[in-house]
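Below: one structure, written as structure tokens.
Whatever order the structure lists ligands and atoms in, that order sets their numbers, starting from 1. Heavy-atom basis, side chains included; hydrogens, waters and symmetry copies ignored.
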Amino acid sequence: MARWLVASAWPYINYVPHLGTIIGSVLSGDVMARYLRSKGEQVLYVSGSDEHGTPIEVEAIKRGITPRQLTDENHEKVKKLFEAWKISFDNYTRTESPVHVEFVRDFYLKVYRNGYIFTQEEELPYCPNCRRFLPDRFVQGQCPKCGYPEAFGDQCPSCGSPLDPKDLINPRCTICGTTPEIRSTKHWYFDLPRFAEKLKKYVEENPRLPSNARNFSLKLLREGLKPRSLTRDVSWGIPAPFPGAEGKTIYVWMEAVLGYISATIEYWRLKGEEEKWREYWFNGARSIFFIGKDNIPFHVIILPALLMASEEGYELPWTVSSTEFLMFEGKKFSKSQRIGVWIDEALEMFPVDYWRYTLLSIRPEVRDTNFTWELFLEKVNADLNDTLGNFIHRTLTFLCRFFDCKVPPEGELTEADRQMLREVERAKEAYDRLLGEIRIQQAVQTVTELARKANKYFNDRQPWRLAASNREEAATILHVASRVVEALASLLEAFTPTVALEIWRMLKLKPGENLKAGHQVALPKPLFRKVSLKEVEEKAGGGVKVLEEKVTPEDLARLGLKVAKIVEVEEVPGARKLYRIKLDLGGGLIKQTVAGLKTYYRADELLGKLVVVVSNMKPVKLMGLDSEVMILAAEDDGRVAILTPERPVKPGSRIL
Ligand SMILES: [Zn+2]
Ligand SMILES: [Zn+2]
């Protein structure tokens, strides 16, 4: 059996991660780790806090504390938050761990002895006042590309361009503001171009790599790799082990990426099984790295090259799962502009599984996706509460009311019952296939879809009608429904573990146990509750940006709102809620819509009515019928009222 190392990108802990960070890394990794464990695989799930580098050192200096004090505080905080998010790490460690420090130094010494590291003299900015070199965040100035006045030596936060400290216009020391002088200093480089051929072969011959990782890596290889700078003239970091490199540390990016190995070593060392870590890095071990697309070069180019350069025979990354970006209400997350939700404030607002479910169901797998509060409400209210929660609750409530909370025997199955049980098997197969391909977003949808079908099954079979007249048939329906509940508990475990445990508790089963006839379940409690827009506004107010963009008159004009007259209303065979409606839009123009109004209006009430429609809608098909316009209606807690002009106007009149 293969051994699996599940790894997620190490969060940089100058602050707590936001929703976009967690979905691309630790939350996705958690789903995979939980899934593989449930299949009986040997899995180790590791990550840790990335705590070196100049952003943290600069912030610590500004706060008048040591960088270690800052990262001690943030590491503990983030670690606790990941526990609250139910991230099932086997080892969440940190780059200040002595095991990591020792491993990085040994590793680079090996690479150095193997001849893949060289030195070079460089001219770099130096602050005569602070008496230090000014790498990366230690120097600020005007961006030569976009003119932004607060660009850093390594990158411009405004246009995103990677920069060289010497390129900055009017540079100054970030700490004291002094204009730096240029001094010469020696640095160590990793000779990355020597691995270009092998890397090309690795990328081209690894069919599992997602297309964004493959394409971007091949592009970098085509453009030609450059040696990577390995050292910095700063004290906060891992001391460089090379002869003559006293006082220099390893560049943060080049050591954090080795944390996956040191975290594996640390885990087994703490267990007292020193050598066991090798089983997760050698001899056919498989590793999956959960990263955002900005991390592709470090995991598909640099990490494999370093593993090759050690000449120890490490397995190269088996695959990466590199997500696109999550946007927040159409914008980039920004701490300074308070755009987004951070993982600590998220849990202060709503239960963890509301977030896990929503984020996983919009995981940006093939393109950037957008978190909106509107979508959050829809996921919680429609998917979790009305679909999953409703089905489980009604099944167990019914079971307790009519069958003393005992699962009845199977009895004689009708075609509808067999069909429902086949849907369960189909959902399980789809779930396995999708998670096998790390398509988490669709796997989540499969589970919700199963609950949707189960609700329909329950509605169609109407066990409440049979409870008195045909108890045996009602019993069979409840037997089938209980089995669906059990399946949902299993299928939800990787996505919403707290809710899954609660379902198992109500079923009075241990996770993974099978439900048998005669088994007694507990009285159910609702798993979810509805969330209102008002609640979101109250909770997410106070700094967190909420809700909608403002609409301009032009936006409204785009809608093509018109008055139309209902000229024909017909029932749709097989649909409980739908009418097929024909509307006169004036000038002889007749259009059709399929509308869910049957529950609220009789056909004769609608006929002849003047209504408001969206006339320029992209046509869709509903139950095989064309729907070309939309009728506007107001909804108030389950009551629906059609919008109609207050006095008669001609069909086709525009709405202003
Ligand atoms: Zn200075
Ligand atoms: Zn710029």
Side-chain angles (χ1 to χ4, degrees), residues 12 14-15 18 20-21 51-71 121-187 216 219-220 223 226 228-229 231-237 239-240 246-249 251-253 292-298 324-325 327-328 330-340 368:
Y12 195 67
N14 53 343
Y15 198 58
H18 57 62
T21 312
E51 51 190 319
H52 297 132
T54 58
I56 279 168
E57 197 177 357
V58 167
E59 190 173 334
I61 292 172
K62 285 183 173 166
R63 280 173 57 177
I65 55 176
T66 65
R68 178 64 193 242
Q69 280 171 321
L70 178 70
T71 61
E121 285 289 330
E122 275 184 273
E123 308 266 280
L124 287 172
Y126 179 90
C127 176
N129 181 37
C130 299
R131 282 187 282 166
R132 63 186 304 160
F133 277 96
L134 302 178
D136 310 322
R137 297 293 168 101
F138 275 102
V139 59
Q140 273 186 300
Q142 195 181 346
C143 172
K145 305 261 163 72
C146 75
Y148 181 71
E150 312 269 299
F152 292 108
D154 54 350
Q155 203 190 30
C156 170
S158 179
C159 68
S161 306
L163 299 175
D164 189 288
K166 283 175 306 210
D167 300 338
L168 291 173
I169 303 162
N170 298 326
R172 62 183 186 278
C173 170
T174 304
I175 304 302
C176 72
T178 303
T179 303
E181 50 194 56
I182 297 296
R183 284 202 188 179
S184 174
T185 176
K186 186 156 87 170
H187 278 295
F216 192 67
K219 178 171 164 274
L220 291 177
E223 288 168 354
K226 292 187 187 68
R228 299 296 295 218
S229 154
T231 49
R232 286 290 185 272
D233 288 302
V234 291
S235 55
W236 175 237
E246 292 73 23
K248 297 179 195 277
T249 49
Y251 181 40
V252 56
W253 281 95
K293 65 179 165 188
D294 50 335
N295 249 324
I296 290 170
F298 273 91
E324 300 291 308
F325 291 138
M327 310 295 278
F328 187 87
K331 301 192 180 75
K332 273 190 185 167
F333 282 78
S334 161
K335 198 173 88 171
S336 55
Q337 294 176 56
R338 293 299 296 137
I339 298 171
D368 292 352

Are any non-hydrogen side-chain atoms of [X] and [Y] less than 4.5 angstrom apart?
X: Thr178; Y: Pro128; result: yes
X: Phe138; Y: Val58; result: yes
X: Val234; Y: Pro135; result: yes
X: His187; Y: Leu124; result: yes
X: Tyr12; Y: Glu51; result: no

Phe216 six-ring face occupied by Lys293 cation (under 6.0 Å, within 45°):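 Pair Lys293/Phe216 does not count as cation-pi.
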Parallel, tilted or perpendicular: rings of His52 and Trp236 (30°, 60°):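 Plane angle over 60°, so perpendicular.
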From OG1 (Thr174) to CD (Glu59), nearest 0.5 Å: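 Output value for this atom pair is 13.0 Å.
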Residue and atom, protein N/O/S, under 2.8 Å of the Zn ion (ligand 2):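 Listed by chain and number: Cys143 SG, Cys146 SG, Cys156 SG, Cys159 SG.
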Every N, O or S from the protein that is nearer than 2.8 Å to the Zn ion (ligand 1):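 Short answer, with waters excluded from the count: Cys127 SG, Cys130 SG, Cys173 SG, Cys176 SG.
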Sole candidate of Arg232, Lys248, Glu122 that passes side-chain hydrogen bond (donor to acceptor under 3.5 Å, both in side chains) when paired with Thr185: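 For Thr185, the side-chain hydrogen bond (donor to acceptor under 3.5 Å, both in side chains) check succeeds only for Lys248.
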